Amino acid sequence: MMTGDFPLDVFQTLRTPFYYYDLQLLNQTLQEIHATKGDFEVHYALKANSNLRILETIAKSGFGADCVSGGEIQIALKTGFAPEKIVYAGVGKTDWEIELALNENIFCFNVESIPELHVIDELAGKLRKHARVCLRLNPNVDAQTHHYITTGLNENKFGINLSELHHVLNVLKTLSNVELIGLHFHIGSQILDMNVFENLAKRINEIQNSFSMLNEVNSQFSILNCGGGLGINYEHPNHIPIADFKMYFETFRKHLEIRKNQKVHFELGRSVVGPCGSLITRVLYVKKGSQKQFAIVDAGMSDLLRPALYSANHRIENLTSHEPEEIYDVVGPICESADVFSTEYQMNQAQRNDMIALRSAGAYGEVMASTYNQRELPKAIFSH
Ligand code: LLP
């Protein structure tokens, strides 16, 4: 079985589990985004990974930030993202978070409800600030991905329903401290089928047109934010280590009707950081059951929640062994039946102390770790 290029001698001196980040791959990915994005603006979605070193690397390459909490705004500023490139989304923004965003003069709020518009207007008035807002609209486009990471359907809690548009415009006319600058969409994550993005682009065109009819006064927005969602290849991280940014941006360039003076924004998370991270763990025991054999490793769902929460599949590599392959259930040490990384998984024969890599864990890995069972949070190490 082909494995990635890992500094195994270094790994062997370290206590497991830990996240390992390949910064060279991250930098190549950032270069690829720069090379393919044209004049689109890319905001990195911090929720995917907010490790300081990762954020500094991404900020240095000039991208903006997509934040979903006051904490993310603070860490974005601390790691070098420019306030005028920060967008702030989320269905439940608290007063202190809105005040922080206003005081830091971030670029804009992605607003998810009418009550939120009122609160932003009121707080901006109090602080004598002016809030730029994009309306997050729910386009009712199916992302055809796991239902836990589908966000753009009418049944989801996100965004403003299209049927409310007329009402929102009337409300906006009464608010003096907020300025509507654009529309925002995000339909889901880990999307590999470009037809889904084509559908989103076409839906945005329809929505823009209907907006023009509804809104006599200002039918021109300067911002169209298409969200994130581009998927990565979890099966073949060695062969396809960089997401297909070229196809992704081309799909929007081809199908989105971009009006004069309009800027198109994206909020990419997983595709930026997913491939560069692996969770490194050791085999503790190989236990043979009557029908199964278990490779019990020292990482668990507290370190990488995705398999337990979304039945996600991460490629698993035995970095130590060159023995023939066998079939294992690869499981963690946590007292939960869901603490399973994979069932019936074929990997090189395992024994105690073998080093195992759970690949493509750079996105929604370390950030979702917890101390459940009073475990330590996993540390992070970096190539170079
Ligand atoms: N913008 C908004 C408004 C979002 O809600 C998200 C992700 C993104 C951008 C970034 O999407 P990406 O490019 O990463 O697909 N924990 C789950 C994924 C949750 C995604 C949440 N929203 C997982 O591990 O699969």
Side-chain angles (χ1 to χ4, degrees), residues 19 29 33 37 40-50 54 58 63-69 72 76 86-93 108-113 116 134-139 141 143-153 156-160 182-193 196-197 200 223-234 242-245 248-249 252 264-277 279 301 303-314 341 358-370:
Y19 276 90
T29 307
I33 300 172
K37 75 178 187 59
F40 292 160
E41 291 282 328
V42 174
H43 298 263
Y44 167 63
L46 266 79
K47 64 175 82 67
N49 187 318
S50 48
I54 300 273
I58 298 171
F63 293 112
D66 163 35
C67 299
V68 288
S69 69
E72 283 192 354
I86 294 180
V87 299
Y88 176 26
V91 287
K93 302 177 182 79
C108 88
F109 293 83
N110 290 331
V111 171
E112 309 232 9
S113 68
E116 184 191 326
C134 283
L135 295 178
R136 176 170 183 178
L137 299 180
N138 188 336
V141 171
Q144 291 167 20
T145 183
H146 192 285
H147 67 283
Y148 276 15
I149 49 177
T150 291
T151 46
L153 290 176
N156 298 127
K157 70 177 175 181
F158 300 98
I160 296 169
L183 302 179
H184 172 244
F185 305 86
H186 173 78
I187 54 171
S189 198
Q190 184 52 18
I191 300 166
L192 290 164
D193 180 354
V196 170
F197 292 120
L200 171 63
I223 306 294
L224 286 182
N225 185 334
C226 304
L230 176 62
I232 61 171
N233 191 314
Y234 280 96
I242 297 185
D244 200 345
F245 294 105
Y248 175 72
F249 291 127
F252 285 96
V264 181
H265 288 199
F266 292 91
E267 302 168 340
L268 296 172
R270 185 192 313 268
S271 53
V272 182
V273 291
C276 77
L279 178 62
M301 63 193 279
D303 305 296
L304 178 62
L305 185 60
R306 303 193 67 257
L309 189 57
Y310 317 111
S311 310
N313 293 308
H314 287 258
F341 289 122
L358 288 144
R359 303 291 307 274
S360 317
Y364 307 109
E366 192 185 347
V367 271
M368 291 177 81
S370 75

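Here the structure is a predicted model, which means the values were calculated and not measured. Indexing begins at 1, ligand by ligand and atom by atom, following the structure's order.
- Of the N and O atoms on the side chains of His314 and Arg306, at least one donor lies less than 3.5 Å from an acceptor on the other residue.
- In summary, the atoms of ligand 1 found under 4.0 Å from a heavy atom of Arg270, numbered by their order in the structure, are 12 (P), 13 (O), 14 (O), 18 (C), 23 (C), 25 (O).
- A donor atom on one side chain and an acceptor atom on the other are found under 3.5 Å apart for Glu267 and His184.
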For this session: Starting from the C-alpha separation in whole Å, work towards a yes-or-no answer on salt bridge (charged side-chain N to carboxylate O under 4.0 Å, His left out) for Glu116 and Lys93.
Result: CA-CA 8 Å; Glu116 184 191 326; Lys93 302 177 182 79; 2.6 Å; yes
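- Looking at Tyr364 next to ligand 1, an N or O pair under 3.5 Å apart turns up.
- Proximity to Gly228 (heavy-atom distance under 4.0 Å) selects the following atoms of ligand 1: 9 (C), 13 (O).
- Relative to atom 7 (C) of ligand 1, the option among Glu267, Met368, Lys47, His43 with the closest non-hydrogen atom is Lys47.
- Tyr19 places a side-chain N or O within 3.5 Å of a backbone atom of Asp303 that can act as its donor or acceptor partner.
- Numbered from 1 in the order shown, with element, the atoms of ligand 1 that lie under 4.0 Å from a heavy atom of Ala45 read 10 (C).
- Contact analysis puts Gly229 in contact with ligand 1, with a non-hydrogen atom separation below 4.0 angstrom.
- On a distance-only criterion, Ser271 and ligand 1 share no N/O pair closer than 3.5 Å.
- Close contacts of ligand 1 with Arg136, meaning ligand atoms under 4.0 Å from a residue heavy atom, involve 3 (C).
- Going from atom CD1 of Ile58 over to atom CD1 of Ile33 covers 8.0 Å, rounded to the nearest 0.5 Å.
- Of the heavy atoms in Asp66, only side-chain atoms (C-beta onward) come closer than 4.0 Å to ligand 1.
- Ring geometry, Phe252 versus Phe197: the interplanar angle falls from 30° to 60°, so the pair is classed tilted.
- Looking at heavy atoms from C-beta onward, Ile232 lies in side-chain contact with Gln190 at the 4.5 angstrom threshold.
- Below 30°, between 30° and 60°, or above 60°: for Phe249 and Phe266 the angle between ring planes is above 60°, a perpendicular geometry.
- Listed by number with element, the atoms of ligand 1 under 4.0 angstrom from any heavy atom of Gly269 are 12 (P), 13 (O), 14 (O).
- For a threshold of 3.5 Å applied to N or O pairs, the pair formed by Leu268 and ligand 1 contains no separation below that value.
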